[in-house]
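One structure below.
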Amino acid sequence: MTSSVPHFKTHFANLFRQAANRITTVDPHARIELTRTKQASHGDYSCNLAMQLAKSLRQNPREVAQSLIEALPASPYLEKVEVAGAGFINLFLKSTAKQQYVQVILHNKEAFGCSDYGQGRKVQVEFVSANPTGPLHVGHGRGAAMGASLANILSMAGFQVTREYYVNDAGRQMDILALSTWLRYLEHHGVSIPFPANAYQGEYVRAMAQLIHQAHAQRYVHHPDQLVEGLPDSARETPISTDDELDQLIANCKRILGQDYAYIHNFVLTEQLGDCRNDLMEFGVEFDTWFSEQSLFDNGLVNHAMQLLDEKKVLYQQDGATWFRSTDFGDEKDRVVCRENGQFTYFASDIAYHLNKFERGFDQVINIWGADHHGYIPRVKGALQALGQDTSRLEIALVQFAVLYRDGKKASMSTRSGEFVTLRELRQDVGRDAARFFYVLRKSDQHLDFDLDLAKSQSNDNPVYYVQYAHARVCSVLAQWGGEADELLQADTSVLTESAELALLQKLIDFSDVVETAARELSPHLIAFYLKELAGEFHSYYNSTRFLVPDTSLQLARLALVASIRQILNNGLCLLGVSAPDKM
RNA sequence: GUGCCCGUAGCUCAAUUGGAUAGAGCACCAGCCUUCUAAGCUGGGGGUUACAGGUUCGAUCCCUGUCGGGCACGCCA
């Protein structure tokens, strides 16, 4: 921060530490916590240190509090300090301390809210990581909004953030997509078999088949007899539906196409990944790294990880498969890493992937997973532990599914038959800003009821507009004033003495603490709640107080205040990937 | 059946991770535009935090049990 005004919580915590050292040698490591009070009568900040020390000092908490206050070094920012309740120490800030923050905010602009909480530690956030086998749906949308917002928050809180998307380009699912596309292509040429019930049904598969046809005409057409080899005769008339049959079909497909298979596979992957990337970009979500699962195999990292596990004696053979003894590390049962057919499981490449993440030197690795994957956590952490890694570096944030509501009814979201709502449709329906905001309006590990009608409505019920409207209102006022931004820096803010003004100032000061808490708790929703509160206080102030008053000194001070409010609204909305419009 | 998560105002959700009198928004009722954007504001009622115990200065938060809901329990990803 480029100002002499300190971060109050840190400042007061230091004072209390000194005070504690003066009155006792007990609990030198006790964390000293300053909290914002809920009630104005309790002052601005509160400290519960006395109550924490009381037990070991065998003294009445209120007496300890009194001793602490007497030992507290003087602070130029404090109006008064008092003991309250069971032994709380309440701090009352001087108005001037708050008023100075207007200048600080106007000076630091979009950097206000930044802190060194993260101390430049390297943190990776891996999110979305959806299989590139079809369009992103609204479930992915929440993970995308959550991850992107969280990454921004961590960055503001002083972490060095890398945003990563893990591309599952190696597995069976990709084979199924390639097969599906090829079958549609054959269908187009009238030489296919009934489309398998367990292949990808979506319209986008037909679209890809069409593209291949346009580019290469009949080059990949083959006789249908070869297709059904190893399959029951009925496969010519009725769609197959079992996994075994589909695997047989995939094998036939690879054999028939030979080297051309790689082309189809690569084509559908590139196509889907490109679509995904565009979709996310339009959603305001971008990544630093797109990490290929296939590359783990190509670079021998999977074999390497398996070898290490083997050296640690935590692998064993049974029923022709290779198992990882995850029960030794808290899992419910042991897990297969290599199947009877010699193929590695998804778990195997995931072990290699996470080991690789750790070896890339991130101090902290955050995975954002759908909550339905929670059962997967013990085995991944178990594997890392087996490899001698410090699993506390890995944090997994679970995101519950969002349930869409339209006309008060659940909008169906079955992944089968391509009936699911895509993220793209959602964006086109409610707009990017509303979608981004609504997704982070709840604690992410809670179910989210997404009210589509509300998100679309241009009414005061809609929290997105409520916050954006506050921003636009400030812009409008400043435009009518017509002055230069530099003039605001000269404002004498000591005339901001109304209770609403002092409350707003405190609210602005809180911003960096909220960012820090959101970073610590991996909770973007705190930013959304904060913005709603700040906007609410502003709207109230707006209605009760006129800014463009004849008293030019008072006018300038109030304009400086609302300009700083605008700055914080902008900074907060930016964290969430929501625009801050000048006009509405 | 086993494991994890959840249960807060009529509805949707908060509560700075153990702090003070549990807060917002909808919905409902009554008001505010000759004045910087009414996509706004002001006021009002609404609670045994599912239930029963326990831990302590203090519990929505931690422990135990019961009831109710969600998810996961593959050589799928």
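The chains referred to below are lettered A, B, ... by the order of the sequence lines, with proteins before strands, and numbering in each begins at 1.
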**Prompt:** When all nucleic acid strands are considered with a 4.0 Å heavy-atom cut-off, which category describes A:Ala84: base, sugar-phosphate, or nothing?
**Reply:** base
**Request:** Taking atom P in both B:G25 and B:C61, compute the distance separating them and give it to the nearest angstrom.
**Result:** 26 Å
**Item:** Phosphate contact (B:G3 OP1 or OP2) by A:Lys333 side-chain N/O below 4.0 Å
**Value:** no
**Request:** Show your reasoning for whether side chain to side chain contact (heavy atoms under 4.5 Å, CB included) applies to A:Arg172 and A:Leu246.
**Result:** CA-CA 10 Å; A:Arg172 177 169 178 266; A:Leu246 197 63; 4.1 Å; yes
**Message:** Counting only side-chain heavy atoms from C-beta out, which of B:C36, B:A15, B:G74 sits nearest to A:Phe547?
**Reply:** B:C36
**Fill in**
Among the nucleotides B:U16, B:G70, B:G3, whichever has the atom closest to the side chain of A:His447 is B:G70
**Asked** Which part of the nucleic acid, if any, lies within reach of A:Ser476 when heavy atoms closer than 4.0 Å are counted: base, sugar-phosphate only, or nothing?
**Response** base
**C1' gap between B:A9 and B:A14, integer Å** = 13 Å
**Request:** Select base, sugar-phosphate, or nothing to describe what A:Asn131 touches, counting heavy atoms under 4.0 Å on all strands.
**Result:** sugar-phosphate
Atom pairs, protein N/O to nucleotides 4-8 of chain B N/O, distance under 3.5 Å:
none

**Message:** Within the 4.0 Å heavy-atom criterion, would you say A:Ala472 contacts the bases, only the backbone, or no part of the nucleic acid?
**Reply:** base
**Asked** A:Asp451 near the nucleic acid: base, sugar-phosphate alone, or nothing, with a heavy-atom cut-off under 4.0 Å?
**Response** nothing
**Asked** Among B:A20, B:C36, B:A15, which is the nearest nucleotide to the side chain of A:Gln39?
**Response** B:A20
**Salt bridge flag under 4.0 Å for residues A:Glu164 and A:Lys357** = no
**Prompt:** Hey, is the side chain of A:Gln555 poking within less than 4.0 Å of OP1 or OP2 on B:C36, counting only N and O atoms?
**Reply:** no
**Asked** Taking the C1' atom of each, how far is B:U35 from B:A30, in whole Å?
**Response** 24 Å
**Complete:** In short, A:Met306 meets A:Leu315 closest at the heavy-atom pair O-CD1, 3.4 Å
**Asked** Under 4.0 angstrom, heavy atoms only, what part of the nucleic acid is A:Thr545 near: base, sugar-phosphate, or nothing?
**Response** base
**Request:** Determine the Euclidean distance between corresponding C1' atoms of B:G47 and B:G54; express it in Å to zero decimal places.
**Result:** 24 Å
**Request:** Would you classify A:Lys532 as touching base, sugar-phosphate or nothing, given that sugar-phosphate means primed atoms plus P, OP1 and OP2, and contacts are heavy atoms under 4.0 Å?
**Result:** nothing
**side-chain hydrogen bond (donor to acceptor under 3.5 Å, both in side chains) partner of A:Tyr45, the single match among A:His11, A:Arg36, A:Gln506** = A:Gln506
**Request:** Taking all heavy atoms of A:Ile32 and all of A:Cys47, pick out the closest pair and write down the distance.
**Result:** CG2-SG, 4.3 Å
**Item:** Phosphate contact (B:G25 OP1 or OP2) by A:Tyr465 side-chain N/O below 4.0 Å
**Value:** no
**Prompt:** If only side-chain N and O atoms of A:Lys38 are considered, is one of them under 4.0 Å from the OP1 or OP2 phosphate oxygen of B:A20?
**Reply:** yes
**Prompt:** Using the benzene-type ring in the case of Trp, are the ring centres of A:Tyr541 and A:Phe547 under 6.0 Å apart?
**Reply:** yes
**Request:** Give a yes/no on whether any side-chain N or O of A:Thr133 is located under 4.0 angstrom from OP1 or OP2 of B:A77.
**Result:** no
**Message:** Check for me: is A:Phe88 stacked on B:A20 by the 5.5 Å centroid and 30° plane-angle rule?
**Reply:** yes
**Fill in**
Here the pair of heavy atoms bringing A:Asp429 nearest to A:Arg406 is OD2-NH1, 3.1 Å
**Prompt:** Taking the six-membered ring for Trp, are A:Phe8 and A:Phe12 parallel (under 30°), tilted (30 to 60°) or perpendicular (over 60°)?
**Reply:** parallel
**Message:** Students often get this wrong, so: under 4.0 angstrom with heavy atoms, is A:Asp350 touching a base, only sugar-phosphate, or nothing?
**Reply:** nothing
**Asked** Among B:C41, B:G19, B:U17, which is the nearest nucleotide to the side chain of A:Tyr466?
**Response** B:C41
**Request:** Take atom C1' in B:G31 and the same atom in B:G18, then report the distance between them in whole Å.
**Result:** 42 Å
**Request:** Indicate yes or no: does A:Asp350 engage A:Arg379 in a salt bridge with an N to O separation below 4.0 Å.
**Result:** no
**Item:** N or O in side chain of A:Arg473 less than 4.0 angstrom from B:A38 OP1/OP2
**Value:** yes
**Item:** Side chain of A:Arg546 (C-beta onward), nearest among B:A77, B:C36, B:U16
**Value:** B:C36
**Prompt:** At under 4.0 Å between heavy atoms, what does A:His373 touch on the DNA or RNA strands: base, sugar-phosphate, or nothing?
**Reply:** base
**Item:** B:U8 versus B:A50 - spacing of their P atoms, nearest Å
**Value:** 7 Å
**Message:** If I pick the P atom on B:C51 and the same atom on B:C57, what distance separates them, to the nearest angstrom?
**Reply:** 26 Å
**Prompt:** When we call it a touch if two heavy atoms are under 4.0 Å apart, what does A:Ser544 touch: a base, just sugar-phosphate, or nothing?
**Reply:** nothing
**Message:** Between B:A20 and A:Thr37, counting only base atoms on the nucleotide and side-chain atoms on the residue, is there a donor-acceptor pair under 3.5 Å?
**Reply:** no
**Request:** May I ask you to say whether A:Glu501 pairs ionically with A:Lys98, meaning some side-chain N is under 4.0 Å from a carboxylate O?
**Result:** no
**Message:** Considering every strand and a 4.0 Å limit on heavy-atom distances, what is the contact class for A:Tyr542: base, sugar-phosphate, or nothing?
**Reply:** base
**Prompt:** Going by modelled atom types, is there a donor-acceptor pair between the base of B:U17 and the side chain of A:Glu521 at under 3.5 Å?
**Reply:** yes
**Asked** Under 4.0 angstrom, heavy atoms only, what part of the nucleic acid is A:Phe529 near: base, sugar-phosphate, or nothing?
**Response** sugar-phosphate
**Request:** Scan A:Glu340 against the nucleic acid and name what it touches under 4.0 Å (heavy atoms): base, sugar-phosphate only, or nothing.
**Result:** base
**Item:** Closest nucleotide among B:A20, B:A77, B:C36 to the A:Gln173 side chain
**Value:** B:A77
**Asked** Can you find a donor-acceptor pair, distance only, under 3.5 Å between A:Asn90 side chain and B:A20 base?
**Response** yes
**Prompt:** Where the side chain of A:Asp319 is concerned, which of B:A77, B:U21, B:C75 is the nearest nucleotide?
**Reply:** B:C75
**Asked** Do we count A:His42 as stacking onto B:A20 if the rule is ring centres under 5.5 Å and planes under 30°?
**Response** yes
**Message:** Using the side-chain heavy atoms of A:Glu332, tell me which of these nucleotides is nearest: B:A39, B:A77, B:C73.
**Reply:** B:C73
